[in-house]
Amino acid sequence: MTPLSGIAEVIRSKNAGPFVVTFDVLFGSEEDFEAVRTAGLVTRQAVAQLYGVSDNELVGFDYFPFARAIKFSIRRPVSSGAPGDSDVYGAQQHAPLLDLPALP
Amino acid sequence: MITRKSDGEFVVVSHGMLGYGFPESSLAAAIEAGVDLIACDAGSSDPGGYYLGSGKPFVSEAMTRRDLRLLLRAGAEADVPVIIGSAGGAGSDLHVDFLVRIAREVLVELGIERSLAVLRSEMDRDVVREAIAAQRVHTFETFAPLSPGDVDEAERIVAQVGCESYWPALRHKPDILIAGRAWDVANIAALPLLEGYPRGLALHMGKILECGSLAARPTAGADLILGRLRDDHFVVEPTDPAKACTIDSVSAHTFYEKTDPVMLAGPGGTVDLSGSRFDQIDPRRVKVTGSRFHPAERYLVKLEGAKLEGYRHSCIGGARDPAFVRQIDEIQASVIAHLHEFQRGIIDPSTYRISFHRYGLDGVMGSWEPVRTPAHELGLLIDVVADTPERAEIVCAMARSTLLHVGYDGRKATAGNIAFPFSPADTACGPVYSFNIYHLMEVDDPEGLARLEMAA
């Protein structure tokens, strides 16, 4: 089993406005991108389960060949900087993706 | 339309954040190469609603002055305009005043005379109330409709204006334009659009340049970036000779901080990158073609407003005892039960909110954390936000002392549960604001949306 961190070049999260955190997984080559896409392990369902969020909270999930990238976003439970927020910039929410199985 | 210069190329050098710094050599290289515009963003909604709510600048005055001094001097020497949007971080009138004051001081220090246009995009509450009544305000990423009550609660409201709102100011050909809250793309694209350059390419170039050198590699450190716009393409290149723009760095940048990397919605319409083509024309430069613009049926601008949530008091400490660490959920519930009991009749629980940030367990990710195994020690941050600073202080102190001595199953250490690094342990953190308006408003006349002041 290869985790996402073993094949992707960039795995990051960041605010896309104060109410949404967006996640990017960028691959270094078309082969790596296609391998992960074909393996079918990194899916909308897999990331929803990983973050424990409902289908409604998950905004988009797509493979983008032009950038060799996967992108999805999650609605924040608390908006950026409001009481109870834990990550104002949303920049440290990517970590669980590192260990997500990407290739069998 | 403004007459263009004859070579059919519009060159922009862009700084991603006023006050974040950039190498002086990069600016010199850009000016040496020849530019038509120095563009600079100064704002962001990333750091939360505090800056809009409080009216305080997001970047220090000292660093703002440093960057501004270099940019205004270069603009004067090359005799090209300098456009700065989202003044002061949040772009309210207070933020615009802050930046205009510094700009005037810098001009005096430099001993140069430059004309200054000021564009304000703070909104009159009545305009927003009328738009709500006319059903011209639309729900956006808050997923909740805007109510007149939200308008009353907001400390101030700004509109993130688009390129069209810059045009009345730019027709006066000011040497310097300082704008309130604005689409970051407008700083780069508004002027070439006025000169008739194609919208899809100009806006796409703006979207790439607006974060400065983030679209170049290596990304280490804030730096400038250069764009060359023509009628059928644009070229992106770093100003630092040690950096390079690659197809990857440029195409991947459209992913950054947005939910849809192909259709980029902004004031007045959408930039469509589905037909964009990226070509590496030499080792450091990327050429982009094929980006299109689809005007929206209704011109929409984003409104931003921030309200006061209360006043924060916090306390930081750590726990090392394994039995404590294991039972942190129960211990927290017990602390809150004690607070309610001991403060009955003194402090109403509805006047404050208390959060425990538990570093080593789920302090970074909260409910999104899939790993539920605690580390061998926990960092605990007690976070109290109350309706008055006094009440926040009382609740925080009580929560701290209760946490220190509260009992739990299997406790062997009866002298105290928490290691506090500081004395005093508690800190007043001031007012807390959050975005309570983040909605889209229909605008009939975008050119008349912002208020223009021409200064001598």
Side-chain angles (χ1 to χ4, degrees), chain A residues 9-10 12-29 47-53 56-62 64-97 99-100, chain B residues 44-53 140-144 247-248 250-262 273-274 276-278 302 304 306-307 309-310 312 352-355 357-359 362-371 381 383-386 432-436 438:
Chain A
E9 207 168 73
V10 172
R12 69 187 179 196
S13 67
K14 187 75 192 280
N15 288 354
F19 294 89
V20 173
V21 174
T22 195
F23 296 76
D24 302 334
V25 179
L26 312 179
F27 296 91
S29 73
V47 300
Q49 195 180 3
L50 186 63
Y51 285 88
V53 296
N56 190 32
E57 292 167 287
L58 191 61
V59 184
F61 177 98
D62 259 309
F64 293 96
F66 82 91
R68 302 193 303 264
I70 303 170
K71 189 175 194 63
F72 64 93
S73 306
I74 310 181
R75 286 167 54 179
R76 281 167 157 275
V78 178
S79 76
S80 166
D85 185 19
S86 62
D87 185 358
V88 169
Y89 289 81
Q92 279 296 305
Q93 303 304 310
H94 66 289
L97 290 173
D99 298 328
L100 187 66
Chain B
S44 174
S45 61
D46 272 352
Y50 175 81
Y51 301 93
L52 179 58
F140 187 40
E141 289 170 349
T142 63
F143 301 95
I247 292 176
D248 279 3
V250 172
S251 64
H253 184 66
T254 42
F255 266 66
Y256 192 63
E257 294 181 333
K258 44 192 92 61
T259 49
D260 188 334
V262 179
L273 307 189
S274 61
S276 298
R277 201 188 132 91
F278 301 86
K302 190 175 67 187
E304 295 171 352
K307 71 165 180 180
E309 291 276 359
R312 170 173 284 134
Y352 68 86
R353 276 170 287 187
I354 182 164
S355 323
H357 300 263
R358 313 177 304 179
Y359 294 98
D362 57 2
V364 171
M365 295 190 61
S367 63
W368 289 353
E369 178 58 73
V371 178
L381 176 61
D383 172 9
V384 178
V385 178
V432 179
Y433 297 88
S434 70
F435 282 111
N436 74 325
Y438 201 74

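Computed over heavy atoms, backbone and side chain alike; hydrogens, waters and symmetry mates excluded. Convention: sequence-line order gives letters A, B, ...; per-chain numbering from 1.
Interface remark: B:Glu141 contributes backbone and side-chain atoms alike to the contact with chain A (heavy atom separation under 4.5 Å). Using a 4.5 Å cut-off between heavy atoms, B:Val262 touches chain A through its side chain atoms alone. Heavy atoms closer than 4.5 Å to chain A are found in the side chain of B:Val385, but not in its backbone. For a residue to count as touching a neighbouring chain, one of its non-hydrogen atoms must lie under 4.5 Å from one of that chain's; by this rule B:Tyr433 touches chain A with the backbone only. At a 4.5 Å heavy-atom cutoff, the contact between A:Val21 and chain B is made by side-chain atoms alone. When heavy atoms are compared at a cutoff of 4.5 Å, A:Arg75 approaches chain B by way of both its backbone and its side chain. For A:Ser80, the parts lying near chain B are the backbone and the side chain together; criterion is any non-hydrogen pair under 4.5 Å. Contacts between B:Asp46 and chain A at a heavy-atom distance below 4.5 Å involve backbone atoms as well as side-chain atoms. A:Phe72 does not touch chain B: none of its heavy atoms, backbone or side chain, sits under 4.5 Å away. Using a 4.5 Å cut-off between heavy atoms, A:Val88 touches chain B through backbone and side chain atoms alike.
Between chain B and the options A:Ile74, A:Asp62, A:Val10, A:Asp99, the largest number of non-hydrogen pairs under 4.5 Å is found for A:Ile74. Ranking B:Pro47, B:Ala306, B:Ser44, B:Gly49 against chain A, the residue ahead of the rest is B:Pro47, based on heavy-atom pairs under 4.5 Å. Considering only heavy-atom pairs separated by less than 4.5 Å from chain A, the leading option among B:Asp248, B:Asn436, B:Ile247, B:Val432 is B:Asp248. Interface check for chain B: of the options A:Gln92, A:Gln93, A:Arg76, the most heavy-atom pairs under 4.5 Å are formed by A:Gln93. Top candidate by heavy-atom pairs under 4.5 Å with chain A, chosen from B:Pro370, B:Ser355, B:Gly363, is B:Pro370. Annotation: maximal heavy-atom pairing with chain B below 4.5 Å, among A:Phe23, A:Tyr51, A:Phe66, occurs at A:Tyr51.
Here the CG atom belonging to A:Asp85 is positioned 10.5 Å from the OG atom belonging to B:Ser434, to the nearest 0.5 angstrom. Once rounded to the nearest 0.5 Å, the distance linking CG of A:Asp87 with CH2 of B:Trp368 reads 9.0 Å. The structure places CG of A:Asp24 at 9.0 Å from NZ of B:Lys258, a figure rounded to the nearest 0.5 Å. For the atom pair CZ (A:Phe64) and CG (B:Asp260), the distance works out to 6.0 Å, reported to the nearest 0.5 Å. Here OG of A:Ser13 is found 8.0 Å from CE of B:Met365. Values are rounded to the nearest 0.5 Å.
Minimum heavy-atom separation, B:Asp383 to A:Gly84: OD2-N, 4.3 Å. Taking each heavy atom of A:Ser86 and B:Val364 in turn, the nearest pair found is OG-O, 2.9 Å. Counting all heavy atoms, side chain and backbone alike, A:Pro18 lies closest to B:Ser45 at CD-OG, 3.8 Å.
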inquiry  = Please determine whether side-chain contact (heavy atoms from CB on, under 4.5 Å) holds for the pair A:Phe19 and B:Phe435, giving the CA-CA distance in whole Å, both sets of side-chain angles, and the decisive distance to 0.1 Å.
reply    = CA-CA 9 Å; A:Phe19 294 89; B:Phe435 282 111; 4.0 Å; yes
